[in-house]
Amino acid sequence: MFGAKMKGDAGGSSSISPLVSFTLGAAMATVCVLFFMSASPGRRLVDIAAWSHNNGTAAQQHLRSVADADDFTAASDIAVAVAAPAPAPAKAASPYGDLEEVLARAAMPDRTVIMTQINAAWTKPGSLLDLFFESFRTGEGGVARLLDHLVIVTMDPAAYAQCQLVHPHCYFLRTTGVDYRGEKFFMSKDYLEMMWGRNKFQQTIVELGYNFLFTDVDVMWFRDPFKHIAMGADIAISSDVFIGEPYSLGNFPNGGFLFVRSCPKTIDFYRHWQAGRYRFFGKHEQDVFNLIKHEMVDRLGISIQFLDTRYVSGFCQLSKDLNKICTLHANCCVGLGAKLHDLRNVLDVWRNYTAAPVPEKRSGKFQWKVPGICIH
């Protein structure tokens, strides 16, 4: 039939011709493939392709076949052959924690925030934070609305927990090496660390592109002080002693009430200010400001406004005109107890003033209770 024939050999055994062997082998292979296809139709194309090519192109051919045949089983099989996309890289954590989120919530439309800084000793009931809030609430001209833009920077976990109970914009500034829970006495080692740490934090704020008005928590707010800050000032700072000219470098500054506009000049100023800590070792940041102010104005062309103590006042140079005063700082006063005593008297006088009829206010009859422990 195939043109083959059987022939004997010397040993009496028989053999099949090579042509017959090849033909029978091919037929058997074809039968095996057809049997495998009929037994597992869902895998037929991918297996034949792998048998034929043994490379990744087979998977792609099968995926197209699955789409045409709507073969769910085949689709399930091929899914394991397609590499999953690499996960998106995780966003790096901010070195400032939630600071940027807190600033964004509190900021005015021009990216200005008001900031104060507290520790646990100042947050206890009846302490400075309570008096600070009360001054806003009893203030005039809508000053209470400025609390919406106040960020309270806390120095220890207890202060942070207390802040969260009374205010929406709290930030915990984590530090090492100093226990900030208790009162820090003026010019002690911990006091200097706290002041220079505060200064470094202020630098961070301007580097993040925010203007800030920093206020010590022992500053009472009676009216909006922003209207006394000049639009052209890069820095506006309160005065222990004001000599009558706002741009005179002969004024004596007080960093407890400080406005800084974020710009390259003020960022540079803060870098020099921080370096001054080591140039003038043992000085606190307010003294260093006073020592470098001439140099910085000449080198950077920075505009520094010293705020008039008639409006932004303090115990050092007290404004006695309650019709003009915007803020009152318990400066030139050492010790938490002394500050609390005199500021409570200040608020008593202020409450009587705001409750009086307008003609009585304008008469000038209301005066601070002096002398106190510090106020005079």
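Every heavy atom of this structure was used, including side-chain atoms; hydrogens, water molecules and symmetry mates were not.
The heavy-atom pair separating His169 from Leu150 by the smallest distance is CB-O, 3.3 Å. In terms of heavy atoms, Cys333 sits closest to Ala330 at CB-O, 3.5 Å. Of all heavy-atom pairs spanning Leu213 and Pro225, the tightest one is CD1-CG, 4.5 Å.
Taking the six-membered ring where the residue is Trp, Trp368 and Phe222 present parallel rings, their angle staying beneath 30° rather than reaching 60°. Using cut-offs of 30° and 60° on the angle between ring planes, the pair Phe257 and Trp221 is tilted.
Taking CG of Asn331 as the reference point, atom OG1 of Thr309 lies at 10.0 Å (rounded to 0.5 Å). Atom CD1 of Ile304 is separated from atom OH of Tyr247 by 11.0 Å, given to the nearest 0.5 angstrom. For the atom pair CZ of Arg310 and OG of Ser319, the computed distance is 8.5 Å after rounding to the nearest 0.5 Å. Within the model, atoms CZ of Phe289 and CE of Met296 stand 10.5 Å from one another, a figure rounded to the nearest 0.5 Å.
For Lys265 and Asp234, the salt-bridge test passes: some basic side-chain N is under 4.0 Å from an acidic carboxylate O. A salt bridge does not link Lys324 to Glu140: none of the charged side-chain nitrogens sits closer than 4.0 Å to a carboxylate oxygen. Of the charged side-chain nitrogens involved, at least one lies within less than 4.0 Å of a carboxylate oxygen, so that Arg198 and Asp216 count as a salt-bridged pair. Ion pairing between a basic and an acidic side chain is recognised when a charged N comes within 4.0 Å of a carboxylate O; Asp224 and Arg145 show such pairing. Comment: Glu193 does not engage Lys200 in a salt bridge, judged by the lack of any side-chain N to carboxylate O separation of less than 4.0 angstrom. By the 4.0 Å N-to-carboxylate-O rule, Glu360 lies close enough to Lys365 to be salt-bridged with it.
Listed for the Gln317 side chain is no donor-acceptor partner under 3.5 Å among the backbone atoms of Val241. In terms of modelled atom types and a separation under 3.5 Å, the side chain of Asn254 and the main chain of Ser239 share no donor-acceptor contact. With hydrogens and angles ignored, the 3.5 Å screen pairs a side-chain donor or acceptor of Ser248 with a backbone N or O of Gly250.
Within a 6.0 Å sphere centred on OH of Tyr311, heavy atoms belonging to other residues, nucleotides or ligands number more than 12.
A cation-pi arrangement is present between Lys361 and Tyr353, with the terminal nitrogen or guanidinium carbon under 6.0 Å from the aromatic centre and inside a 45° cone about the axis.
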Point to revise | Cys316 and Cys332: CA distance, side-chain angles, deciding distance, disulfide (SG to SG under 2.5 Å) verdict | key: CA-CA 5 Å; Cys316 297; Cys332 293; 1.7 Å; yes

